[in-house]
Protein chains: 2
Amino acid sequence: MSTIRDVAEAAGVSIATVSRALHGLPRVSEATRQRVLAAAAELRYVASPSAASLASGQTNAVGVVAPFVNRWYFAAIVHSAEERLRKAGYDLLLYSLGTDAQERRRAFSGTLLSKRVDAVLVLGLHPTAEEVAALSALGGPVAIVGAKVPGWASVRIDDEAAARCAVRHLLDLGHRRIGFIGGDDPLQTAMPGARRVGYRAELAAAGLPGHPELEAVGGFTVSGGHAAATRLLRMADPPTALFAASDEMAMGAVQAARHAGVGVPQDLSVIGIDDHEMAELLDLTTVAQPVVAQGVLAAEMILAALHDPDGPLPSVTVPTELVVRGTTGPAPR
Amino acid sequence: MSTIRDVAEAAGVSIATVSRALHGLPRVSEATRQRVLAAAAELRYVASPSAASLASGQTNAVGVVAPFVNRWYFAAIVHSAEERLRKAGYDLLLYSLGTDAQERRRAFSGTLLSKRVDAVLVLGLHPTAEEVAALSALGGPVAIVGAKVPGWASVRIDDEAAARCAVRHLLDLGHRRIGFIGGDDPLQTAMPGARRVGYRAELAAAGLPGHPELEAVGGFTVSGGHAAATRLLRMADPPTALFAASDEMAMGAVQAARHAGVGVPQDLSVIGIDDHEMAELLDLTTVAQPVVAQGVLAAEMILAALHDPDGPLPSVTVPTELVVRGTTGPAPR
DNA sequence: CTGAAAGCGCTTACAG
DNA sequence: CTGAAAGCGCTTACAG
């Protein structure tokens, strides 16, 4: 492990010159630069990130805070963001918090991130006001994917519009008894999620009454969607269509219908949101959202903010698109 | 952002004592320790990782090198390993290299990892001898998941045995014309993968001749599996069963059969390896491998090696299990 | 039990 | 264009 001192000696210059030459700074003669570069290569010199960070105050690392990385949506975004950030010379510190409230608090409190990263990328979490304040207090730019937070850059889809699009598709097919499988339990968060809001709004716009008994919770998982759909299908007057707030839950719903002997789409139409990589395989109708683009965009927002801290804070809404496949069809008469 | 000096002043002690108190080192009186802890909490002090690393020579970070993080297998392992490492106080630096040969070289050359991490976790890559040497030269322990490398700790399944188990299941069902969809192209790597070796060996053990024309390449993706199966099914004398080296390729194969009007499992049996989270949903027969356990085990091997650098280097093979579902059935007569 | 001091390996004004 | 020097914020023997 050679140090900057070894390179300086080998090149016959001071360590200050080595630093300048290696960073491509001006005020180093071309001849000197070449000599330094050659010596560094010869010694396989790699600067110590710790020392550089301590001296410069920059870590050249970005922290990514997500509830999971082992779910399609998160993994896709992390992968694309990492690729973009690595190209720009930034490391990616991953904090995959799970659902543990304590871990979440620890991450947002700054214990985990303070002095460790230049910027933070938050995925799929709706931070509380306190959490927003804590992350902002870190001093670096913050970007969030999947939500909009004042003071932070953001990329997301219009959840409410996506939900309305899905419900509109079911209405257009003649369905009137349309169930909903949400991810979060609105009883716990006090505030219904945007996708649930969209579901209710589109029904109301069609002049249909709300059916609280047709709303279920699926926790954003296949098994949760399965359980929720099973429950809904057992009702005396079951829905003829289900809108799930994610493809994974929609897949579980399709499976539940199969298990219950309910034909899809003859007896039950199912639509999700995402266009999960397995959606085509399962012939699932869905409202597609671009995930790779969101990851790359978020990474670029962070890079821009790092480059120009006083620049504008973009808040981008990326488009969604209805993808009609085989799990939705005309309402049974 | 308070520093250790602020805490020292607030507590009325030296910075050395603050450091010792905060690290729980002996030779600090209980009263002093409490005073320091209180001051640190009051000031919301978080030690600078850069400064600590520079002074101690330890980064308290582990690098994870993987080709992807947006695939079920990798995402599951990264998630479980991260959780385990974070609990032990280690950060996780993620390098998701994609298939780019140059990025791979850069990661293994040490440019990316040198002086940045205390240990490295390699996922799903079969490093060359040079790459092994380069990572070993980093100085820290290395663990690998999915392969066995001399000098490194390792966790994996017995790929050859898993493949033989899958083929044995098909043979037991009476199949004799069994196709194979591999991930890697053996023409490119010169060496056939262990799963291909197992496929051939089990056929040979059953006294069946090899059928090179029944071996295809699917690149470990759904679409690759789809394309490979489509090709095999168009043969004059198509196979009655397909063994895919991963569930994702097997899923593509099932889809290809559906598109081709070939009944599964009446006309074609399909089996994979993994027990992907969607396998149950798709009713896919497979040879299951434990992924979370492999991630946790690898993390613990790293922690053990960090704790005791001269300890033994474990090389664990975790068990696989045949999971029979609906995509395999008796050979058509 | 506690502190003064050296040192980790860089970056960055400041001089020249 | 180049170097000497201060300083980033810690850890860790070494004294006492």
Side-chain angles (χ1 to χ4, degrees), chain A residues 1-37 39-40 43-61 89 91 110-111 113-118 138-139, chain B residues 1-37 39-40 43-61 89 91 110-111 113-118 138-139:
Chain A
M1 295 296 162
S2 49
T3 71
I4 197 173
R5 197 160 299 279
D6 299 323
V7 178
E9 282 175 18
V13 296
S14 72
I15 61 167
T17 297
V18 172
S19 180
R20 280 188 291 255
L22 260 26
H23 285 284
L25 296 179
R27 309 192 159 272
V28 178
S29 77
E30 194 48 36
T32 304
R33 187 187 309 282
Q34 291 308 331
R35 212 148 20 95
V36 170
L37 258 33
L43 293 167
R44 301 186 187 293
Y45 170 69
V46 180
S48 157
S50 306
S53 296
L54 183 57
S56 72
Q58 295 188 288
T59 63
N60 287 312
D91 279 331
T111 322
L113 292 163
S114 183
K115 304 178 187 174
R116 206 169 293 250
V117 297
D118 293 337
L138 254 32
Chain B
M1 295 295 162
S2 49
T3 70
I4 196 172
R5 197 160 299 280
D6 300 323
V7 178
E9 280 174 20
V13 296
S14 72
I15 62 167
T17 296
V18 171
S19 180
R20 281 190 290 256
L22 260 28
H23 285 284
L25 295 180
R27 310 194 158 270
V28 178
S29 76
E30 195 47 36
T32 305
R33 185 187 310 282
Q34 291 307 332
R35 214 152 14 100
V36 171
L37 257 34
L43 292 166
R44 298 186 190 291
Y45 170 69
V46 179
S48 157
S50 306
S53 295
L54 184 57
S56 72
Q58 295 188 285
T59 63
N60 286 314
D91 279 331
T111 322
L113 291 163
S114 185
K115 302 177 187 173
R116 206 167 293 248
V117 297
D118 294 337
L138 254 33

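Every chain is numbered from 1, with letters handed out A, B, ... down the list of sequences. Computation of the quantities below employed the complete heavy-atom set of this structure, encompassing side-chain atoms and omitting hydrogens, waters and symmetry-equivalent molecules.
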What I'd like to find out is whether the side chain of [X] reaches to under 4.5 Å of the side chain of [Y], using heavy atoms alone.
| X | Y | value |
| --- | --- | --- |
| B:Q58 | B:S53 | no |
| A:R116 | A:T59 | no |
| B:D91 | B:V117 | no |
| A:I4 | A:S19 | yes |
| A:M1 | B:S114 | yes |

(message) Once you apply a heavy-atom cut-off of 4.0 Å, does A:T32 come out as touching a base, just sugar-phosphate, or nothing?
(response) sugar-phosphate
(request) Give B:A52 one of three labels, base, sugar-phosphate or nothing, depending on what nucleic acid heavy atoms sit under 4.0 Å from its own. (result) sugar-phosphate
(message) On DNA chain D, compare the nucleotides closest to B:R27 and B:T3; which residue's is nearer the 5' end?
(response) B:T3
(request) Let me know, please, whether B:V46 or A:E30 comes out on the 5' side of the other along DNA chain D by nearest nucleotide. (result) A:E30
(message) I'd like the 5' and 3' limits of the part of DNA chain C contacted by chain A, with heavy-atom contacts below 4.0 Å.
(response) C:dG9 to C:dA13
(request) Name the residue closer to the 5' end of DNA chain C, choosing between B:I15 and B:A51 according to the nucleotide with the nearest heavy atom. (result) B:I15
(request) Between A:S50 and A:A16, name the one whose nearest nucleotide on DNA chain C is closer to the 5' end. (result) A:S50
(request) Any strand is fair game: report the nucleotide pairing with C:dG16 by Watson-Crick or G-U wobble, both distances under 3.5 Å, or none. (result) D:dC1
(message) The criterion is side-chain contact (heavy atoms from CB on, under 4.5 Å); which residues satisfy it with B:L43, sequence neighbours excluded?
(response) B:S2, B:D6, B:V7, B:A10
